[in-house]
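Inspection log for the structure reproduced underneath, given as structure tokens.
Positions are given from 1, in the same order as the sequence printed here.
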Amino acid sequence: MKMIHFSFLHPVTRSAARGKGVGTRLRARLNSVKFVSAFCALFGLGIGPALASDPVGVYAVVDKVVLEPSEANPERIQVWGAFAIAEGYGYTYKKAERGYLYYKLNPDKSVACRNEWADLKAVAGTGQIVAFGSRYGEKGALRKQEAKPENPDVYPIALGLTKVKEEKDYEPLKQLARLRESKAPAKNTPARSKSP
């Protein structure tokens with residue numbers, strides 16, 4: 001276990017400890033105890049978690065994946081489903097929406113891209129919430145279902161694709177779960193012809 005060393009405590013405790021008598025040693029101990037108590041109180045009351053953030057760029061429920069130009073050697077991917085995309089720092093996400101993300105290979109990490117694309121294809125249609133990309137990098141633009149796939153974004157390689165354990169009180173996951181449950185009817189279904 002690592003020992004945390006607070007060098008700024010030493011001048012206070014040393015000066016008091018150099019004095020003579022029980023009172024000065026007691027003051028030195030009380031200064032240290034006051035600081036440690038304040039430190040524990042701050043982090044024990046929840047200030048610690050407020051300093052952290054959720055590093056995930058995109059939470060998704062993947063309905064389908066389209067690999068282009070072929071599944072054998074893909075250069076681009078369309079990821080269809082529902083997405084909650086990070087904005088800014090902390091825990092803020094855009095409201096979860098349906099649509100698709102359109103990516104192209106990251107030229108420096110093409111093997112990692114294709115591996116994650118295979119994983120995305122494997123979870124497509126399962127209802128599993130997954131996470132990928134980084135809050136601190138490019139995430140890609142969410143496109144409306146009727147938008148033509150053009151100008152793909154570079155796929156965001158970060159911490160890998162992760163299956164998410166759903167937390168009932170985390171808003172982006174709650175929104176995705178609601179969208180998953182009320183899955184929109186498929187748009188491109190052939191229209192039925194009227195019988196005479």
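- Taking hydrophobic clusters as Ile, Leu, Val, Met, Phe, Trp and Tyr residues chained together by side-chain heavy-atom distances below 4.5 Å, Leu179 does not share a cluster with Val79.
- In this structure, CG in Leu176 is found 11.0 Å from CD in Glu181, a value given to the nearest 0.5 Å.
- By the 30° and 60° cut-offs, the orientation of the rings of Tyr59 relative to Tyr170 is perpendicular.
- Expressed to the nearest 0.5 Å, how far OG1 of Thr126 lies from CG of Asp63 amounts to 9.5 Å.
- Residues passing the salt bridge (charged side-chain N to carboxylate O under 4.0 Å, His left out) test with Lys174, sequence neighbours excluded: Glu171.
- Checked against salt bridge (charged side-chain N to carboxylate O under 4.0 Å, His left out), Lys144 has the following partners two or more places apart in sequence or in another chain: Glu97.
- Lys121 meets the salt bridge (charged side-chain N to carboxylate O under 4.0 Å, His left out) test with Glu71; sequence neighbours excluded.
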Test log, rule side chain to side chain contact (heavy atoms under 4.5 Å, CB included), inputs Lys104 and Val154: CA-CA 5 Å; Lys104 63 184 175 183; Val154 175; 3.7 Å; yes
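- Counting non-hydrogen atoms of other residues, nucleotides and ligands closer than 6.0 Å to CD of Glu87 gives a total above 12.
- In this view, Tyr89 and Tyr136 satisfy the ring-ring contact (aromatic ring centres under 6.0 Å, His included) rule, not counting sequence neighbours.
- Applying the side-chain hydrogen bond (donor to acceptor under 3.5 Å, both in side chains) rule to Asn106 yields no partners; only residues at least two apart in sequence or on another chain are considered.
- Within the 3.5 Å criterion, the main-chain N or O of Leu105 finds no donor-acceptor partner in the side chain of Glu75.
- With sequence neighbours left out, Arg180 forms a side-chain contact (heavy atoms from CB on, under 4.5 Å) with Val61, Ile129, Glu166, Ala177.
- In this structure, the side chain of Arg98 does not engage the main chain of Gln145 through any donor-acceptor pair within 3.5 Å.
- In this structure, Val65 is a member of the same hydrophobic cluster as Ile157, with clusters built from ILVMFWY side-chain heavy atoms closer than 4.5 Å.
- Partners of Arg143 according to the salt bridge (charged side-chain N to carboxylate O under 4.0 Å, His left out) rule, which considers only residues two or more places apart in sequence or in another chain, are Asp153.
- Under the side-chain contact (heavy atoms from CB on, under 4.5 Å) criterion, Ala60 pairs with Val58, Val62, Phe83, Val130, Phe132, sequence neighbours left out.
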Contacts under 3.5 angstrom, residues 112-120 side chains, donor-acceptor by atom type, not counting sequence neighbours:
residue : atom : partner : partner atom : Å
Arg114  : NE   : Pro74   : O            : 3.0
Arg114  : NH2  : Asn73   : OD1          : 3.2
Arg114  : NH2  : Pro74   : O            : 3.0
Asn115  : ND2  : Val111  : O            : 3.4
Glu116  : OE1  : Tyr155  : OH           : 2.7

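- Contact annotation: the side chain of Pro172 never approaches that of Tyr91 to less than 4.5 Å [non-hydrogen atoms, C-beta and beyond].
- In terms of heavy atoms, Glu138 sits closest to Pro156 at O-CB, 3.2 Å.
- In this view, Arg76 and Glu68, Tyr102 satisfy the side-chain hydrogen bond (donor to acceptor under 3.5 Å, both in side chains) rule, not counting sequence neighbours.
- Between Leu101 and Lys139 the shortest side-chain heavy-atom distance does not fall below 4.5 Å.
- Looking only at side-chain heavy atoms (C-beta outward), Val66 and Ile77 stay at 4.5 Å or farther from each other.
- Under the 3.5 Å distance criterion, the side-chain polar atoms of Gln175 are matched with a main-chain donor or acceptor of Ala96.
- Contact between Ile85 and Gly140 at its shortest, heavy atoms only, is CD1-O, 4.3 Å.
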